[in-house]
S.K.: 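Okay, here's the structure, questions in a sec.
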Amino acid sequence: TFSWNSLISAYATRGEPRFALSLFSRMEDASVHPDDHTFVSVFKACSHLKDLKRAFELHTKAVKLSLSERNIVVGNALIDLYIKCNAPARARQVFDSLPLKNVITWTSLVGGFIDCGHDLKAMELYKKMTFHGVIPNPITFVCVLKACTNTGDIANGQKVHAEIERRSLLDDDVFLGSALVDMYAKYGLLTFAQHIFDKLPSHNVVSWNSLMQGYIQYDKYKEAVRCFIQMQAEGICLT
RNA sequence: GAUCCAUACA
């Protein structure tokens, strides 16, 4: 099982999802018993294919082994699988069916709703999550900020920002920094965007782009050019 | 056991 898992995982991750799934079939043919690791990899492969029918089949097989009850990671991966297959209602069913949820379970569905364009549902779920006493992590905040950006709900975004500062999370997550900069930049709050940007421990091409786009969108071309030059001075490669 | 999940601009 371990060898099969390693192979399947490698192909699922390396962008060969079809081959990962066919390996899984061969594993079944060889009557090697799949375990929780197997299913997580196979879910991932299927999520790249966005094959809902296949998702159902895999889900059914996992249920027969009651793997999603035994290991929360399986349930979490399943939520993500249904989201990637554009089936948020299914994802929600899985979510509701899980007796134990962790921060990843919650965040997967929050982020999933956003991917499916249900930003308000995502915000609602986030509130429910905090109400349940689940501590959000930086990834949760990135998702919530994105929902605020999508809907233009800057008031909520600022609340989230305050929460992030309170936990001083900006020092160790580049994604979080970019998400915040992006939100402020998109809505023309360029001083805020610049201020947060300056406080970030490190910048990358995304955080620079977010800031620059804000300046461009609001006709601050001089600032945009200044960014462009500084960005190269910091040694960020353009592709 | 080199096998397991969610996140940012364009």
Side-chain angles (χ1 to χ4, degrees), chain A residues 1-14 20 23-24 27 32 34-48 62 67-68 70-84 88 91 94-95 98 100-116 122 125-126 129 134 136-150 157 160 164 169-170 172-186 193 196-197 200 202-217 224 227 231 236 238-239:
Chain A
T1 300
F2 178 81
S3 317
W4 284 100
N5 284 353
S6 304
L7 261 184
I8 292 173
S9 158
Y11 283 105
T13 312
R14 291 293 183 95
L23 275 174
F24 177 66
M27 180 183 185
V32 179
D35 63 7
D36 40 0
H37 292 244
T38 322
F39 275 95
V40 171
S41 296
V42 149
F43 287 165
K44 186 191 276 180
C46 188
S47 76
H48 283 117
L67 285 177
S68 58
R70 210 163 281 149
N71 185 348
I72 193 171
V73 175
V74 175
N76 294 347
L78 192 52
I79 290 173
D80 186 54
L81 171 58
Y82 278 124
I83 288 299
K84 298 272 160 53
V94 173
F95 177 88
L98 295 178
L100 289 177
K101 302 171 175 57
N102 63 14
V103 61
I104 299 184
T105 319
W106 286 90
T107 304
S108 298
L109 194 59
V110 169
F113 278 151
I114 296 166
D115 282 341
C116 296
L125 190 66
Y126 166 70
M129 164 181 172
V134 179
N137 67 17
I139 300 187
T140 317
F141 285 125
V142 170
C143 294
V144 174
L145 285 174
K146 190 172 184 181
C148 295
T149 305
N150 289 342
V160 175
I164 291 166
L169 296 175
L170 280 178
D172 27 51
D173 195 315
V174 211
F175 280 33
L176 192 49
S178 321
L180 256 184
V181 170
D182 180 56
M183 178 181 77
Y184 285 123
K186 279 213 169 81
I196 291 156
F197 183 86
L200 296 180
S202 70
H203 306 136
N204 65 11
V205 68
V206 175
S207 48
W208 275 110
N209 272 346
S210 303
L211 183 64
M212 228 175 358
Q213 274 182 179
Y215 283 127
I216 291 169
Q217 189 182 334
C227 287
M231 173 175 165
I236 309 281
L238 307 176
T239 50

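Throughout, a chain's letter reflects where its sequence line sits, starting with A, and its residues are numbered from 1.
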S.K.: Would you say A:S47's side chain and A:K44's backbone share a donor-acceptor pair under 3.5 angstrom?
M.R.: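 Yes, because the side chain of A:S47 sits within donor-acceptor range (under 3.5 Å) of the backbone of A:K44.
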S.K.: Heavy atoms only, 4.0 Å cut-off, all strands: where does A:S178 land among base, sugar-phosphate and nothing?
M.R.: base
S.K.: Flag yes if more than 12 heavy atoms outside A:F197 fall under 6.0 Å of its CZ atom; otherwise flag no.
M.R.: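 Yes - once you tally the heavy atoms of other residues, nucleotides and ligands closer than 6.0 Å, there are more than 12.
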S.K.: May I ask you to say what A:D182 touches in the nucleic acid, namely base, sugar-phosphate or nothing, with a heavy-atom cut-off under 4.0 Å?
M.R.: sugar-phosphate
S.K.: Going by number, which of residues 205-214 of chain A have a non-hydrogen atom under 4.0 Å from RNA chain B?
M.R.: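 When residues 205-214 of chain A is checked for heavy atoms under 4.0 Å from RNA chain B, the hits, listed by number, are A:V206, A:N209, A:S210, A:Q213.
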S.K.: Does A:K101 use its side chain to pair, donor to acceptor, with the backbone of A:F95 at less than 3.5 Å?
M.R.: yes
S.K.: Any base atoms under 4.0 Å from A:D35, or only sugar-phosphate, or nothing? Heavy atoms, all strands.
M.R.: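 If one applies the 4.0 Å heavy-atom cut-off, A:D35 turns out to touch nothing in the nucleic acid.
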S.K.: Aromatic contact between A:F39 and A:F24, with the criterion being ring centroids under 6.0 Å apart: yes or no?
M.R.: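 Yes, the ring centres sit under 6.0 Å apart.
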S.K.: May I ask you to check whether A:W106 and A:Y126 place their ring centers less than 6.0 Å from one another?
M.R.: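 No, ring centres 6.0 Å or more apart.
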S.K.: Show the nearest heavy-atom pair for residues A:Y82 and A:A91, with the distance to one decimal.
M.R.: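 Heavy atoms only, the tightest pair is CB-N, 3.7 Å.
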S.K.: Search all heavy atoms of A:T107 against all heavy atoms of A:M129 and return the closest pair with its distance.
M.R.: OG1-CE, 4.4 Å
S.K.: Contact boundaries of RNA chain B with chain A (under 4.0 Å, heavy atoms), 5' to 3'?
M.R.: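 Listed 5' to 3', the contact boundaries are B:G1 to B:A10.
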S.K.: Restricting to non-hydrogen atoms, name the atom on A:A20 and the atom on A:I8 that form the minimum distance, rounded to 0.1 Å.
M.R.: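 Scanning both residues completely, I find the closest heavy atoms to be CB-O, 3.8 Å.
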